[in-house]
Amino acid sequence: MRKVLLLFIWVCLCSPVAFAQVRQLTGKVTAAEDGLGLAGASIIYKGTNVGTNADADGNFSFSVPGDGVLVISYVGFLIKEMPIGNQTKFDIKLDADTRQLAEVVVTAFGIEREKKALGYTVQEVKGSALTESRSTNVANALSGKIAGVRVQSNGGPGSGSTIQIRGSSSVSGNNQPLIVIDGVPMEQTANKTWGGGISEINPDNIKEMSVLKGPNAAALYGSRAANGVILITTKNGQGTKGLGVDINSNISFERPWIKPNFQNTYGGGNGYRTWYNDGWSGNITDPAEIAQYRAVYDARYPLVGSEGTDESWGAPMDGRLVRQWWTGDDVAPLTPQPNNWDEYWNTGRTTTNSIALNGGNDKGYFRLGLSRVDQTGIMYYNDFHRNNFRINSGYNLTKNLSITLSGEYIKSGSDNKSYGSGQEFIWSHRHVSWAQLRDYESYMDVHNQRGNDTDPPNWQHTFFTNPYFSQKKLPQSNEKDRLLGNIALNYKILPSLSLMIRSGTDYWTDTRINVSNFLRVRNGVRTPGRFSEEVLRSQETNSDFMLTYNKNINADFGLNVQVGGIKRTNYYKRNYFYVGEMVVDGLYNAGNSVPSQNTIESEIRKSETQSLFGTANLSWRDALFLDLTARNDWSSTLPANARSYFYPSASLSAVLTELFDVKSNVFTFGKVRASYAQVGNDATPYQLAQTYLASGSWNGAVPKFSENTQIANSGLKPEITTGLELGADLRFLKGKIGLDVTYYNQTTKDQILGVEISKASGYNTRILNAGKITNKGIEISISGTPVKLPGGFSWDVSVNWARNRNKVVELAEGLTTYTLATQRGMSSEARVGQPYGTFYGVGFQKYNGQVVYGSNGLPFTAAGQKLGNIQPDWIGGMLNTFNYKGWSLSALVDVRMGGDIYDEGTGTARWTGQYAETALGREEGVIGQGVREVTAADGSKSYVPNDIIVTANQLYGYSNPRNYHESAIFDASYVKLREVSLGYSFSPALLKKVKIQSAKISLVGRNVWMIFKNTPHIDPEIDAKGGNQQGFGYGELPSSRSIGANLSLSF
Amino acid sequence: MKSILTHKNIWMTALAGAMSITSCTKDFDSMNVSPNSPTAIGPQYLLPTGIETSVDRYWGHRDRFERINIDAAELYVQHLTRNIYSNEGDDYTVSPALLSNNWKGFFNDGLLNFQRIINQTNAQSASPNANYEGVALVMRTWVFSLLTDMYGSIPYTDAIKGTGTDPIYTPKYDSMETIYAGLLNDLKTANEKLSVSGPAIAGDILYAGDILKWKKFANSLRLRLANRQAAKKPAESKAIFAEILGDATKFPIFTSNADNASLKCTTVLPSNNEWNQILIQGGRTDWNISKTLADKMNALGDTRITVYANPNKDGLYQGHANGLPDAIATGYLATSSTIGKAFTDAAAPEVIMTFADLNFILAEAAIDGDITGDAKKYFEAGITASFAQYGLTPPADYMTKAGPVSKEKVIEQKWISLFGQGVEAWIEWRRTGFPVFPAPDPRAVLNNGGVLPTRFNYPASEYSLNATAVGDGVKLNGGADDMKTKLWWAEK
């Protein structure tokens, strides 16, 4: 492989350099229908990157290296090709494309193809749609815009998102799509805290994104494309005249969005008592304090502080005088703090400033994009910053040889990302003020705690440390450097034969420091400062070559053949140390440690895949298209006899309106398509041989190892995903209404799984080829222009809808379930016959759908119940855009219907008396909603409405999701007004005077309005674990609403 | 130059490229050898892992929902009680996670590593070392005995064979009777393998390579198991007692507290005592001394309570009743004694078997007629040894207060001496019914129909992964898979 690349480079560099005669061309592009100039029409010197765009009146001028053909294109018009000959002045008239289907989309390997030629679905998002309603993480801006793509955003500054296209196909593997930037893969991780992959991209650099869903669209990307591909094409400056400057500046502010409905009647503590003694559960002994206590609590109440209990079953907040954490030996009125949620959170701020320089002439083009993001989170002291430096460039070395370069350096990091979730509103005292707790330093002298304890002042000490202190003094910080890019050579060997060779890499290194403890004395026990440092390094390099043969065999038949090869190498390295005891607190250096308390770890992963592939596209009369692909991979992670695997695909598309010569103003265009594809997948490295794992040391001195409890498998095979896709693309009323429908059926089998076995075998799991999962679904997108007035007003709508039905067909022999995630004994499982991600746990007994209570007024429970499923019934989105003169207004509604979440936070906060419903009937008693079981003398059972009064905290004890999982299962449906933006583009005439090409200002809101949800207290869009372990939550960082302004200028 | 670009050349080059791809895969095999984890390792590195994980788990485990000792056994036997979260053990609720994590932990972390050492060092192996084999056999036997004594019938003959030549992924269950016969035989074999003049061993964090002490532990443990099954297999047990007690040279047993099998924890985290981790490092205050134990020890004037517990604010050693609901139990937080420093220190030992324990076993055997010997002598030696373990001597009138020697009194004293070893005390209570616990407090709210658990349920994972075998296991126990079915050695 290396040899052949070198040979090709040598061949290309040594080929004769011939400069042809340069000539200057001018002209005007107009619409044939009305003769008006087409501003921005593209004029390209065919077969090269040389080209320009027409100005506001449709005029253009540029120079070409010699004779050839011009390709003129404009959105909504048919592409026109014109030979140059001796002509230097052109008057070009473009015919309107009533079918509006000559759209060109980017497919595998960045090959641009006409959409009508494709036998599978590709959906696109333009860069402008991503930059305006800006989210720092580009992935989040996809939510609701593309049928079948679900984005689960999670968390604070710089965090990642889980992206899922057409459901989960792999039981245990990575279900994230492959991200490809300018033809080169970028590693995508959905890490909640650290982000990674697509979240690091600067949206200003994106020209367009296309989403290739499922294996059919992605057969040529191989293994990792089984979950779909997100192809990102960046702006490259092509077509710029002279030097252009683009500036974009954005600022946005965010606040937490959904506020829980708290009770503001009872304070913290238990037994109707609220009293701070020393931060722990313990006796009140000081006579003065006893006198204060007895002034509000009579002899029925024990002489014990109540702050050791982190719940809110305390005294009524009626202004009674009690000791609180900040009163020292004094007392103060106990008053409600209804705004303590609002006090708790910071107003987050994000500023993004980008500048890009574009330049181009007949020899080449470039674009240099720089940007800086500064973000502060809604949790105090959390931040994120990112610098992106991107260069895209192309140069025509000769008429036939061109070189392109695309590279980006991303420097990102954070001083503190430590807040992922918190329990400050779950295990808490309703009477505390967070503004006051944030100001803990003012209370150092007055605050009471045990003995010589040194903890910072807090509302209690048994379980919690002041969160603001922790945020400040226990940061999780990181510095990440990432470089990705590629160099490609294109050589036109013959007019119909060209060769591309390319090499690209994605390299990153991240240093993470996590401070986990500070030197303190707590309850008389001294614990030292502790921290860890982790240095990660990862690199993926892809080198490929591709020969393209493109020829129309005759007037009817067209042929396009590509063959190529790729070598991919992956390298990962982790170095980690943990300092269990710092000598001097606050100095984070490995040398500052008590050596016996240190832990060190490291890991290396290396793998390589080599591939050969070929594709043939046949077309007949621009109406029938047949695509065939074939690929063979050789992977280092599989055993020698199984490392080579082959997979093919075929797709067919027929343009019915063309085939049957339909010429109708109603039914303008119709296409049907079908495709079948296979994608093979290899294993993660080192699963073939049994190993022993290092497991630290005894007493810091005796090294320990243990046998790996996963049984290796020397006979692994590749896993195979097979997909069938059928679809239709219909356009009506001259393209005013478009409908695209897709049905797919996808099966993944021979999945490489760590299958659980009886622990009595001595082992936990076996690596096996097992499992079969099917995903079937329908995706519909409708687009239309309901109103278009001559005055310039237009209203565009696009709607997309998708449902996916997922089923686990089989696992390994004798195995019926595979556990994806567990929390508190509640599990999300892949069970045979059930959809992926079904919840099992302890539920409530039901009679006719009503909870059954016993004679004690408390519900009956039953273990091992099926409680829900993480997968939504359907997802969809609707985008409305209104344009009038320079104004544009757009609104995106994002919908998820069905699917469940297990939010331990909501259940627990009820159990601990935080929410409004728990304040009702606290002193009178409550009756659980449902029926009561009555057993007659003969043993027969009947059911009457429950009428037994119990105490509120007894009943809400059954909201404890640790034991009663069903109490925390909620329907995760939502309808959100996800984005609203209002923009104004200044008129070109006005701008010309100040030498500005274009200027646009817009106001943007994200998470504007929660139109509908079924969850009390929280936004149902939560995801604590990410990836395949979706559906769990426990005090997650609340989602936030942001409002911002965006200004973009081009010179 | 132009000639190089002929079609022929291009296709030849492409072909060469294809050829070079296949030939480049030659180094794939070496690339896929893990640079992180060895494929072979000496027994001295597996031994400390096996010992630490097993003993830690038996003594407590630092994670919630895994603690069979202080979240189950120590509460069942009323050494300890809860002042909050009584539904974590004190009211007989047992979390599904506790059942499955311990089942998994003992098999995967303990037994697997002991078995690997045996396979690496036995006579058929490439590098035989009878002392490693013997030590691993003793530890394997002890862990198996814990599992069978907690769950009942378990996989034994088929167990830990997931990577054998004929791998077993769904091991069958054996009856406790079969397992006990096997365990007793394994301990005899271990004593034969272990040789003071044999090869040295390393990584022994229990006895620091002292093979004589391992022999003593092997034989003392064999006496424990023989005694446990004595009512069911009298002849076999008698023979074992006779064999061991008849030849002290060939079958050495514990002769002082210096021989005790206990893991000497250290102040270097995470090698600290599990209770230290939970109560001190973790700052949990959920446990107090049970009223049952405090009352009994106060009545006996037993000074060991000054070691087991801390005095309350009035300077008294007091406990509260087990199984009280949280609302009531929290009130006792301020008045009940907490666990003593000797058990919450970072370096507090985690005890498997003591000289006191051995004496009580012999006292019981003497009473039951399994051995000929002076029951009273063993009884009093047991009490003295238990006091001595904490640097104490029994008060002058203690032996009188402890009462005339009887099976009940022996087990009662054993129960007091087993403070900290909840699992062991729970086994003895289930076998003998002693001590007789007071009736539950009228305010207590108890699960399991109010029945003190007689065993643990099998974990749910066995039903999904080894269904047929676990079904047979339930039948072998002769009762439902619940916490009320009595195990094979139960005498009452």
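- Chosen from B:L111, B:N113, B:T163, the residue pairing most often with chain A at heavy-atom distances under 4.5 Å is B:T163.
- Proximity to chain B is absent for every atom of A:P302, based on heavy atoms less than 4.5 angstrom apart.
- Heavy atoms of B:S95 lying under 4.5 Å from chain A are absent altogether.
- A:F613 CZ to A:N632 CG: the interatomic distance, rounded to the nearest 0.5 Å, is 12.5 Å.
- Taking the ring centre of A:Y572 as origin, the terminal cationic atom of A:R605 falls inside the region bounded by 6.0 Å and 45° from the ring axis.
- Interface remark: B:V470 contributes no atoms to any contact with chain A (heavy atom separation under 4.5 Å).
- Using a 4.5 Å cut-off between heavy atoms, A:S602 touches chain B through its backbone atoms (N, CA, C, O) alone.
- Chain A forms the most heavy-atom pairs under 4.5 Å with one residue out of B:L147, B:I280, B:I205, B:V33, and that residue is B:I205.
- For the set A:N523, A:T637, A:N270, A:N953, the count of heavy-atom pairs under 4.5 angstrom toward chain B peaks at A:T637.
- Counting heavy atoms of neighbouring residues, nucleotides and ligands inside a 6.0 Å radius, atom OH of B:Y45 does not exceed 12 of them.
- B:N87 touches chain A through its side chain: at least one heavy atom from C-beta onward sits under 4.5 Å away, while N, CA, C and O do not.
- In this structure, the portions of A:S706 lying under 4.5 Å from any heavy atom of chain B include both its backbone and its side chain.
- For B:A40, the part lying under 4.5 angstrom from a heavy atom of chain A is the backbone only.
- For B:A97, no part lies near chain A; criterion is any non-hydrogen pair under 4.5 Å.
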| Checking side chain to side chain contact (heavy atoms under 4.5 Å, CB included) for the pair A:D453/A:V521: CA distance, chi angles, key distance, verdict? | CA-CA 5 Å; A:D453 283 10; A:V521 179; 3.8 Å; yes
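- Of the atoms belonging to B:K313, it is side-chain heavy atoms, and not backbone ones, that fall under 4.5 Å from chain A.
- Both tests pass for A:R766 against the ring of B:Y169: distance under 6.0 Å to the centre and angle within 45° of the axis.
- With a 4.5 angstrom heavy-atom cutoff, A:R831 does not touch chain B via any of its atoms.
- Contact of B:N36 with chain A is made through the side chain alone, with heavy-atom distances under 4.5 Å.
- Proximity to chain B is limited to the backbone of A:S635, based on heavy atoms less than 4.5 angstrom apart.
- Atom NZ of A:K606 is surrounded by 12 or fewer heavy atoms from other residues, nucleotides or ligands within 6.0 Å.
- Salt-bridge annotation for A:R526 and A:E581: present, with a side-chain N of the basic residue lying under 4.0 Å from a carboxylate O of the acidic one.
- Ranked by heavy-atom pairs shorter than 4.5 Å toward chain A, the options B:L47, B:N108, B:V268 are led by B:N108.
- Contact count versus chain A (heavy atoms, under 4.5 Å) is highest, among B:Q44, B:Q281, B:R284, for B:R284.
- For B:L263, the part sitting under 4.5 Å from any heavy atom of chain A is the side chain, from C-beta outward, and nothing else.
- Proximity to chain B involves both the backbone and the side chain of A:S596, based on heavy atoms less than 4.5 angstrom apart.
- Of the residues considered (B:F107, B:F106, B:F65, B:W103), B:F107 shows the highest number of contacts with chain A, using heavy-atom pairs under 4.5 Å.
- Neither the backbone nor the side chain of A:T285 comes within contact range of chain B, judged by heavy atoms closer than 4.5 Å.
- The side-chain tip of B:R64 points at the ring of B:Y85 from less than 6.0 angstrom away and within 45° of straight on.
- Both the backbone and the side chain of A:I604 come within contact range of chain B, each with at least one heavy atom under 4.5 Å from a heavy atom of that chain.
- Heavy-atom distances place no part of A:W313 under 4.5 Å from chain B, backbone and side chain included.
- Residues A:D633 and A:T609 bring no donor and acceptor atom of their side chains to less than 3.5 Å of each other.
- If you measure heavy-atom distances from A:A694 to chain B, you find no contacts under 4.5 Å at all.
- Ranked by heavy-atom pairs shorter than 4.5 Å toward chain B, the options A:R962, A:R643, A:R522, A:Q954 are led by A:R643.
- Taking B:A467, B:P155, B:P171, B:G283 one by one and counting their heavy-atom pairs under 4.5 Å with chain A, the maximum is reached by B:P171.
- Donor-acceptor pairing under 3.5 Å is recorded for the side chains of A:T527 and A:N517.
- If you take OG1 on B:T39 and CG on A:N708, they are separated by 12.0 Å, rounding to the nearest 0.5 Å.
- Remark: the B:T93 side chain and the B:D91 side chain contain an N/O donor-acceptor pair separated by less than 3.5 Å.
- Proximity to chain A is absent for every atom of B:K172, based on heavy atoms less than 4.5 angstrom apart.
- Expressed to the nearest 0.5 Å, how far CG of B:N32 lies from OG1 of A:T684 amounts to 9.0 Å.
- Here A:P703 is the residue among A:G700, A:A712, A:P685, A:P703 with the most heavy-atom pairs under 4.5 Å with chain B.
- B:Q115 pairs in a side chain to side chain donor-acceptor pair (under 3.5 Å) with only one of the listed residues (B:K161, B:R140, B:Q120), which is B:R140.
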| message | Pair A:Y686, B:S37 - check side chain to side chain contact (heavy atoms under 4.5 Å, CB included), show working. | response | CA-CA 9 Å; A:Y686 320 134; B:S37 309; over 6 Å; no
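- Put simply, the residue from B:Y458, B:Y156, B:Y151 that forms a ring-ring contact (aromatic ring centres under 6.0 Å, His included) with B:Y173 is B:Y458.
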